*Asks:* 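Pasting a structure below so you can have a look.
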2 protein chains.
Amino acid sequence: MPPRLRDRQPIRGEAETGRRAVETGHRQDQRTATERRRTELLEAAERVVLRDGPEASMNAIAAEAGITKPILYRHFGDKSGLYRALAKRHTDALLATLRAALDSPGDRRDRVEATLHAYLSAIESNPQVYRFLMHPAEAPTGDGEKGFDLGRHQVPLLRRMGEELGDVVAEQLDLGPDAGTVARVWGHGIVGMMYAAGDWWLGERPCPRDELVRTLADLLWGRLSTAPDRTAPQ
Amino acid sequence: MPPRLRDRQPIRGEAETGRRAVETGHRQDQRTATERRRTELLEAAERVVLRDGPEASMNAIAAEAGITKPILYRHFGDKSGLYRALAKRHTDALLATLRAALDSPGDRRDRVEATLHAYLSAIESNPQVYRFLMHPAEAPTGDGEKGFDLGRHQVPLLRRMGEELGDVVAEQLDLGPDAGTVARVWGHGIVGMMYAAGDWWLGERPCPRDELVRTLADLLWGRLSTAPDRTAPQ
DNA sequence: CCACGTACGTTACTAGCGGTAACCGCAGTC
DNA sequence: GACTGCGGTTACCGCTAGTAACGTACGTGG
């Protein structure tokens, strides 16, 4: 890869214009102030990530915020800390949307289709956020354990969505014995189905969204088992 | 000398002990020789990746092979080239296994379960290879296009499996109009289901493999639509 | 008043990364 | 003998994440 021009360092003395004078009266808004600062930094980070993708550098983020790296590290510990904080808002929002769709009125098929629609339109309307959430660009291990744990620190959104959907399935359906396990398996399975099909669809756009939703719902409705064989009539 | 610590370079003169003398007779095995060298390097890389995970450094791989970085770059271009070469063998093997399962005798349900079994036992028997294949640890863009392409250079194995399965579905089932699109959607969807459920199962081990296979097959067989409601016990 | 704690901010560094330029030496071939 | 190509090296580049040390404004408490 050709060497990139070094990213611009923050311009000196432009971040602190006319700020301090506003809150002279208040005293112990220290905590709220740092909180506000935190969200300011997060918004800057979000701008950069949405512009440059998940591989945005801490330098670039700091520059966007008008400051330098050490402050970012004071606030978020390390890069994965920043990314975790950044991801939280979006994952929470997405999960809320999905839960709303899962609890929407209508029969079961309607709810399933509504959920698929919700997920797909979310990733469609903001692919870069989706990409950032799903492909965290190397979350640096971080756990003390070296070895074959596998998957713990990876793609947490997929896991969370799977757990969430499993809960909903468990609470809405009567699955007989082993209901808990079955529901969780289905939760992760269905989420994975949404994920892979959605990722592929977003890249190739082979059909409108409704058709994708219908086709996936057909799959979940067992059409795979009832479709006629093709080798026989030939 | 500047005070920079140098990372350990490979030990001098241990890679070429008693090698040259063997093939004095042959002449134009240059191509086969470089081919052999390539696979030697790939095996060294594999050892390191299986030991250190996907974030293994080129320096470490070169050291393991008893050489230095530039040779790796001569052979594979860049890191993603090496990783692609490294992944190819395993993906080919896995895809062949899956295809065999998809074409196995028995009825449709048997074939589906056989395929699930094949995938799950593959990732179970070698989780680190699986992890390397699925989470390529930041394939560095590489494409000229900057922007929102999304997903093209990401997780190629998932895509390939989806395409492959879509082909099989299309050639075995009669899906009426739009058969091509339906088959591909299903291919990617089913693969995603396997992927997410398998990843979760591998981490938590909530049930034996057979049960997971059966539960997923049940999902594909439409049990989601036929399971009784739980909130309204008629 | 002065000292303290605390936030914000900087400069200047470190080790390590992927990747490359320039060079050496050895084989075989025209 | 000159040319070419491959295996191999040293030494570098620009970049990254992360840190140490220092400075500056502020409000509080002895």
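The basis for the numbers below is simple: all heavy atoms, side chains too, and nothing from hydrogens, waters or symmetry mates. In what follows, chains are A, B, ... by sequence order, proteins preceding strands, each numbered from 1. Predicted model only: the values in this text are computed from it and were never measured.
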*Asks:* Please state how far atom CD1 in B/I71 lies from atom P in C/dG25, giving the value in whole angstrom units.
*Replies:* 16 Å
*Asks:* Going by the rule side chain to side chain contact (heavy atoms under 4.5 Å, CB included), which residues pair with B/S121 if we only count those two or more places apart in sequence or in a different chain?
*Replies:* B/R209
*Asks:* D/dG8 phosphate, OP1 or OP2: any side-chain N/O from B/T68 under 4.0 angstrom?
*Replies:* no
*Asks:* Below the 4.0 Å mark, does D/dG7 have OP1 or OP2 next to a side-chain nitrogen or oxygen of B/H75?
*Replies:* yes
*Asks:* Say you draw a straight line from CD of B/E164 to CG of B/L94; how long is it, rounded to the nearest 0.5 Å?
*Replies:* 10.0 Å
*Asks:* Excluding sequence neighbours, so at least two apart, what forms side chain to side chain contact (heavy atoms under 4.5 Å, CB included) with B/A170?
*Replies:* B/A183
*Asks:* Can you list everything that forms a salt bridge (Lys or Arg N to Asp or Glu O under 4.0 Å) with A/E211? Sequence neighbours excluded, please.
*Replies:* none
*Asks:* So, is A/K79 close to the D/dA17 phosphate, meaning a side-chain N or O under 4.0 Å from OP1 or OP2?
*Replies:* yes
*Asks:* For B/R36 and D/dG7, is the shortest distance between a side-chain N/O and OP1 or OP2 below 4.0 Å?
*Replies:* no
*Asks:* Kindly state each residue pair satisfying salt bridge (Lys or Arg N to Asp or Glu O under 4.0 Å) with at least one member in residues 180-190 of chain B, sequence neighbours excluded.
*Replies:* A/E204-B/R184
*Asks:* Work out how much the helix from C/dC1-D/dG30 to C/dC30-D/dG1 bends between its end axes, five pairs an end, to the nearest 10 degrees.
*Replies:* 30°
*Asks:* Mind checking what makes side chain to side chain contact (heavy atoms under 4.5 Å, CB included) contact with B/L102, not counting sequence neighbours?
*Replies:* B/T115, B/L165, B/V168
*Asks:* Is the shortest side-chain N/O distance from A/S57 to OP1 or OP2 of D/dT16 below 4.0 Å?
*Replies:* yes
*Asks:* Confirm from the modelled atom types if A/R74 and D/dG18 form a donor-acceptor pair under 3.5 Å, side chain to base only.
*Replies:* no
